[in-house]
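First up is the structure itself, then whatever we jot down about it.
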Amino acid sequence: MGSELIIIPVIFGAIFGVFYLYFSTRNKERLALIEKGADASIFMKGKQQAAPIWKVLILNLALLLMGIGIGIFIASILHYNLGVDDDVAYPGTIFLMAGIGLFAGFTMTKNLDKE
């Protein structure tokens, strides 16, 4: 009975520990680079040409939902016209087309970052 009370603080403690180590290590690395004379602009390198996060989310969500819809459509064609078992056709094509949609979204996101 006492183990339920310990689980929540342990989870929060682990999350706090991970973030603390990440930020303290990052701070120490940056201070060491500054002491060696590195330019401070290297810390902002990744934030210059990034696409807005809402564009990336909308693009990936739209392509994921279109992939799921196309997967259902193809599965119904496989089931009714070709006689494939519906327990195989629906999950298989839905996951396949959703994965293809997410891959297309990843590729299009890379192109958004180049612009």
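Only heavy atoms go into these numbers, but all of them, side chains included; no hydrogens, no water, no symmetry mates.
Hydrophobic cluster membership differs between V10 and V18, with clusters built from Ile, Leu, Val, Met, Phe, Trp and Tyr side chains linked at under 4.5 angstrom.
Atom-to-atom distance recorded for W54:CH2 and L61:CG is 13.5 Å, nearest 0.5 angstrom. For the atom pair I34 CD1 and R30 CZ, the distance stands at 8.0 Å (nearest 0.5 Å). For the atom pair OG1 of T109 and CD1 of I53, the computed distance is 9.0 Å after rounding to the nearest 0.5 Å.
The side-chain contact (heavy atoms from CB on, under 4.5 Å) search around M108 returns L59, L63, not counting sequence neighbours. I100 is linked by a side-chain contact (heavy atoms from CB on, under 4.5 Å) to L96, M97, counting only residues two or more places apart in sequence or in another chain. For F12, the side-chain contact (heavy atoms from CB on, under 4.5 Å) partners are I8, not counting sequence neighbours. Listed by chain and residue number, R26 satisfy the side-chain contact (heavy atoms from CB on, under 4.5 Å) test with Y22 (two or more places apart in sequence, or in another chain).
A side-chain donor-acceptor contact under 3.5 Å links N60 to the backbone of V56.
The neighbour count for F19 CZ, taken as heavy atoms of other residues, nucleotides or ligands under 6.0 Å away, does not exceed 12.
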Could you tabulate the donor-acceptor pairs under 3.5 Å formed by side-chain atoms of residues 68-87, not counting sequence neighbours?
from	atom 1	to	atom 2	distance (Å)
S76	OG	F73	O	2.7
H79	ND1	V84	O	3.0
H79	ND1	D86	N	3.4

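Within the hydrophobic cluster formed by Ile, Leu, Val, Met, Phe, Trp and Tyr side chains joined at under 4.5 Å, directly or through other members, F95 stands alone, with no partner residue. Other cluster members for F103: none, since no ILVMFWY side-chain heavy atom sits under 4.5 Å from it.
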Evaluate the criterion side chain to side chain contact (heavy atoms under 4.5 Å, CB included) for residue pair E29 and T25; output intermediate values, then yes/no.
-> CA-CA 6 Å; E29 288 175 352; T25 304; 3.9 Å; yes

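Contact between I6 and P9 at its shortest, heavy atoms only, is O-CD, 3.3 Å.
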